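Heads up: the structure comes next, in structure tokens.
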Amino acid sequence: MKWIAATGMAALALTGMAPADAATRAPRVSIASLEQLPQPLPLPYDVNADADRQVAAARARAKASGKRLIIDLGGNWCADCRILAGVMELPELRPFLRRHYEVVTVDVGRFDRNQQIIRHYGLDRLQGVPALLIVDPRSDKLLNRDRLTALADARHMTPQALADWLAQWV
């Protein structure tokens, strides 16, 4: 048992994650596979939205409330984007996200819309979607520059793995 605990701590150290306390630990998701997500999957990206205004408003809310900002970049054509949105709407995860994050979705079309959002954070282009920008709203600093598209293969992750990934930035 000591070896498992030690290797778990080593894994956390390697990923740059600190052990989470109960308030920031990802909630346990009751479904084991993505096939159990409620259907139809959400269509979270509004192609007619004013992305600049929505991101600015979400950042202001996050800053005022002391939360992190998630800018979820994707498109309704993307199955992985819709799967991630479905997981984020699970009853076990929704309260956790509301407590720790302001989430705003931004439609990037086929990588030809709202590119000013990614350029604002010093990025040239996206390598895939969904791409989540985790932002400290006080400094407007991007916290996960090297792991923007870690969830771009959401369909091959468990709901719990997606929840755990989201929890690491709290």
Side-chain angles (χ1 to χ4, degrees), residues 8-29 42 44-46 49-75 78 80-109 111 113-154 157 159-170:
M9 293 301 287
L12 287 173
L14 288 173
T15 61
M17 292 173 53
D21 62 22
T24 59
R25 189 174 306 126
R28 293 292 127 213
V29 177
Y45 305 97
D46 182 353
D50 181 339
D52 294 313
R53 191 168 47 99
Q54 286 189 320
V55 170
R59 180 175 173 234
R61 288 190 307 271
K63 188 175 182 180
S65 63
K67 298 177 185 178
R68 297 258 194 241
L69 173 63
I70 292 179
I71 304 172
D72 176 358
L73 303 163
C78 168
D80 293 296
C81 298
R82 295 181 64 200
I83 287 167
L84 176 61
V87 170
M88 291 172 73
E89 286 298 315
L90 289 173
E92 300 93 340
L93 193 53
R94 199 171 346 148
F96 174 84
L97 289 171
R98 283 191 193 132
R99 186 169 49 252
H100 297 288
Y101 293 105
E102 280 294 329
V103 179
V104 61
T105 57
V106 174
D107 177 68
V108 296
F111 303 97
R113 296 178 42 81
N114 294 312
Q115 298 302 293
Q116 75 281 4
I117 302 294
I118 65 166
R119 285 192 299 273
H120 174 81
Y121 291 100
L123 305 168
D124 293 325
R125 63 186 188 86
L126 294 175
Q127 300 298 316
V129 290
L132 272 71
L133 308 182
I134 311 295
V135 176
D136 177 343
R138 291 177 304 277
S139 65
D140 203 24
K141 180 182 177 190
L142 180 60
L143 302 175
N144 66 320
R145 180 170 305 279
D146 296 331
R147 295 185 272 173
L148 299 177
T149 57
L151 304 181
D153 197 19
M157 298 173 76
Q160 189 63 57
L162 292 167
D164 291 343
W165 191 91
L166 291 165
Q168 74 180 303
W169 305 103
V170 177

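The analysis underlying the following values was restricted to heavy atoms, covering all of them including side chains, and did not include hydrogens, waters or symmetry mates. Since the model is a prediction, treat every value here as computed from it, not as a measurement.
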query = Is the closest side-chain heavy-atom distance between Arg59 and Glu102 below 4.5 Å?
reply = no
query = Is a donor on one side and an acceptor on the other found under 3.5 Å between the side chain of Thr149 and the backbone of Gly128?
reply = no
request  = Could you tell me whether the side chain of Leu133 reaches within less than 4.5 Å of the side chain of Val106, counting heavy atoms only?
outcome  = no
message = When you measure from the side chain of Gln168 to the backbone of Leu166, do you find a donor-acceptor pair of N or O atoms at a distance under 3.5 Å?
response = no
query = So do Val108 and Tyr45 actually touch side chain to side chain, heavy atoms under 4.5 Å?
reply = no
request  = Check the side chains of His120 and Asp140 for a donor-acceptor pair under 3.5 angstrom, ignoring hydrogens and angles.
outcome  = yes
message = So Val29 and Val87, do their side chains get closer than 4.5 Å, heavy atoms only?
response = no
query = Within the side chain of Asn114, is there an N or O that forms a donor-acceptor pair under 3.5 Å with the backbone of Asp107?
reply = yes
task = Measure across Pro27 and Ala163 and return the closest heavy-atom pair with its distance rounded to 0.1 Å.
result = O-CB, 4.4 Å
task = List in chain and number order the residues that pass side-chain contact (heavy atoms from CB on, under 4.5 Å) with Ala49, two or more places apart in sequence or in another chain; answer none if no residue qualifies.
result = Asp46, Gln54
key: Whether Arg68 side chain and Val170 backbone form a donor-acceptor pair below 3.5 Å   = no
ask   = Is there a side-chain contact between Leu84 and Leu132, using heavy atoms and a 4.5 Å cut-off?
value = yes
task = Report yes or no: does Arg94 contribute a side-chain atom to a donor-acceptor pair with the main-chain N or O of Glu89 at less than 3.5 Å?
result = yes
ask   = Just by distance, do the side chain of Arg145 and the backbone of Tyr121 share a donor-acceptor pair under 3.5 Å?
value = yes
query = Just wondering, do Leu69 and Lys63 contact through their side chains at under 4.5 Å, heavy atoms?
reply = no
key: Contact check, side chains of Val104 and Ile70, non-hydrogen atoms, under 4.5 Å   = no
